[in-house]
A.B. asks: 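Encoded as structure tokens, here's the structure I'll be asking about.
Computed from a predicted structure; not experimentally measured. Excluded from the calculations below are hydrogen atoms, water molecules and symmetry mates; all remaining heavy atoms, backbone and side chain alike, are included.
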Amino acid sequence: MPDSHNLREREEAHWRKTSRLMLINLGIWFFFGYVIHMFVVPLNTIQLPILGFPLGFYMAAQGSLIAFVVILFVFARQQDKIDREYGFAEDD
């Protein structure tokens, strides 16, 4: 039964890393989904117009959406790396 014990250890280590990655990404998502929107007015005082819009408006309207897409791609790449490290990757 050493193989099943080794498999169980790999599954647990894989799940620990996957859970940690998920929580980090959820924290980043929360930041861009909620925290940025709480500070729209103070961000508007920063004189850094993006495409003619105040920074706070841009971050609330477009910046968060861009961040979500980037988070998705980064998460997928990191998860694939974890899966390959522990031998759970799917064949392409």
A.B. asks: Does any part of the side chain of Glu85, heavy atoms only, come nearer than 4.5 Å to the side chain of Lys17, both counted from C-beta?
C.D. replies: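 Touching, per the 4.5 Å side-chain cut-off.
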A.B. asks: Are Glu11 and Tyr86 packed together at the side-chain level, in the sense that at least one heavy-atom pair is separated by less than 4.5 angstrom?
C.D. replies: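 The answer is no; the side chains never approach within 4.5 Å.
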A.B. asks: Are Arg16 and Arg20 close enough that some pair of their side-chain heavy atoms sits under 4.5 Å apart?
C.D. replies: no
A.B. asks: State, with a plain yes or no, whether a side-chain heavy atom of Thr18 is found less than 4.5 Å away from one of Gln79.
C.D. replies: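 They are in side-chain contact.
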A.B. asks: Applying a strict under-4.5 Å side-chain criterion to I, L, V, M, F, W and Y, I'd like to know whether Ile24 and Val35 cluster together.
C.D. replies: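 Ile24 and Val35: one cluster.
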A.B. asks: If every non-hydrogen atom of Arg84 is compared with every non-hydrogen atom of Ala89, which pair is closest and at what distance?
C.D. replies: CG-CB, 3.4 Å
A.B. asks: Are the side chains of Met59 and Ser64 in contact, using a 4.5 Å heavy-atom criterion?
C.D. replies: no
A.B. asks: So, Asp83 side chain and Phe88 main chain: donor-acceptor pair closer than 3.5 Å or not?
C.D. replies: no
A.B. asks: Starting from Leu65, can I reach Ile36 by hopping between I/L/V/M/F/W/Y residues whose side chains sit under 4.5 Å apart?
C.D. replies: yes
A.B. asks: Distance from Trp29 atom CH2 to Phe68 atom CZ, nearest 0.5 Å?
C.D. replies: 6.5 Å
A.B. asks: Quick one: do Arg8 and Glu12 make a salt bridge, cutoff under 4.0 Å?
C.D. replies: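 So Arg8 pairs with Glu12 through a salt bridge.
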A.B. asks: Do Met22 and Asn25 touch side chain to side chain, with heavy atoms closer than 4.5 Å?
C.D. replies: no
A.B. asks: Is there a path of hydrophobic side-chain contacts, each under 4.5 Å between heavy atoms, that joins Ile71 and Tyr34?
C.D. replies: yes
A.B. asks: For the residue pair Ile66 and Tyr58, establish whether any side-chain heavy-atom pair is separated by less than 4.5 Å.
C.D. replies: yes
A.B. asks: What is the minimum heavy-atom distance between Asn44 and Pro54, and which atoms define it?
C.D. replies: OD1-CB, 3.1 Å
A.B. asks: Pick one: which of Val40, Val41, Ile46 meets side chain to side chain contact (heavy atoms under 4.5 Å, CB included) with Leu43?
C.D. replies: Ile46
A.B. asks: For residues Leu26 and Phe30: do they belong to one hydrophobic cluster (side chain heavy atoms under 4.5 Å, members Ile, Leu, Val, Met, Phe, Trp, Tyr)?
C.D. replies: no
A.B. asks: State yes or no: do Phe31 and Leu72 share one hydrophobic cluster built from I, L, V, M, F, W and Y residues joined by side-chain heavy-atom distances below 4.5 Å, directly or via other members?
C.D. replies: no
A.B. asks: In Å and rounded to the nearest 0.5 Å, what is the CH2 to CD1 distance from Trp15 to Ile82?
C.D. replies: 11.0 Å
